[in-house]
Amino acid sequence: MTAKSSDTSLYLAKINGKQIHELVSKYLTDSNDDFSVTDKYELPIASGMKIVIKDEENKFSLKDIIVNEKKLDEEKEYSILLTETTMSILKKINPECAIEQLNDTTLSSAWVAAMANGQQPSAPEDYIEVEK
């Protein structure tokens, strides 16, 4: 479950904190046998969000999700950016969820556009923490 291609399509969804927690937990469960640093690009992203993952003998589990230095509010609605992989997982666990494909926007084109505007996209290590 890696972003093998930087040309993966991007999607936008509005879901509550409880659904984000479920999505990340399901992603980790589905990819536990082969989770690696490159998989971090597949995790859902929301502005100001940090995902803390626990690594116990290469078994990964979700420890916490922090948004703007505060614990994720399970009732609050968040807009999150998804890759094809996380979008498909979200559709499985929440089939009624409205997901919008960002037309003509891929992971690589989003990075290029951000850098053209003088912005440096965050590295996964900036918003994903893996604890041993």
Can Lys18 and Glu75 be counted as an ion pair, charged N to O under 4.0 angstrom?
no
So CG of Asp55 and NZ of Lys63: to nearest 0.5 Å the spacing works out to 12.5 Å
Could you report the tightest heavy-atom contact between Leu12 and Ser79, atom names first, then the distance?
CD1-CB, 4.2 Å
Answer whether the closest heavy-atom distance between the side chains of Val52 and Leu62 falls below 4.5 Å.
no
I need the Lys50 NZ to Glu129 CD distance, nearest 0.5 Å.
4.0 Å
Would you confirm whether Thr86, through its side chain, and Leu82, through its main-chain N or O, come within 3.5 Å as a donor-acceptor pair?
no
Taking all atoms of both residues into account, what is the closest heavy-atom pair of Leu72 and Val67, and its distance?
CD1-CG2, 3.7 Å
Enter the distance from Ile20:CD1 to Asp73:CG here, rounded to the nearest 0.5 Å.
10.0 Å
Pairwise salt bridge (charged side-chain N to carboxylate O under 4.0 Å, His left out) hits with a residue in residues 85-112, at least two apart
none
Straight-line distance of Leu28 CG to Lys54 NZ, nearest 0.5 Å
14.0 Å
Rounded distance (nearest 0.5 Å) linking atom CD1 of Ile66 with atom NZ of Lys71
6.0 Å
Using 0.5 Å steps for rounding, measure from the CG atom of Leu90 to the OH atom of Tyr11.
12.0 Å
Flag yes if Met49 and Ile53 sit in one hydrophobic cluster, no otherwise; membership is Ile, Leu, Val, Met, Phe, Trp, Tyr, and two members link when side-chain heavy atoms are under 4.5 Å apart.
yes
Checking the side chain of Ser25 only, and the main-chain atoms of Leu23 only, is there a donor and an acceptor separated by less than 3.5 Å?
no
So which atom in Lys26 and which in Ile93 form the shortest heavy-atom distance, rounded to 0.1 Å?
CG-CG2, 4.1 Å
Side-chain (Tyr27) to main-chain (Thr85) donor-acceptor, under 3.5 angstrom:
no
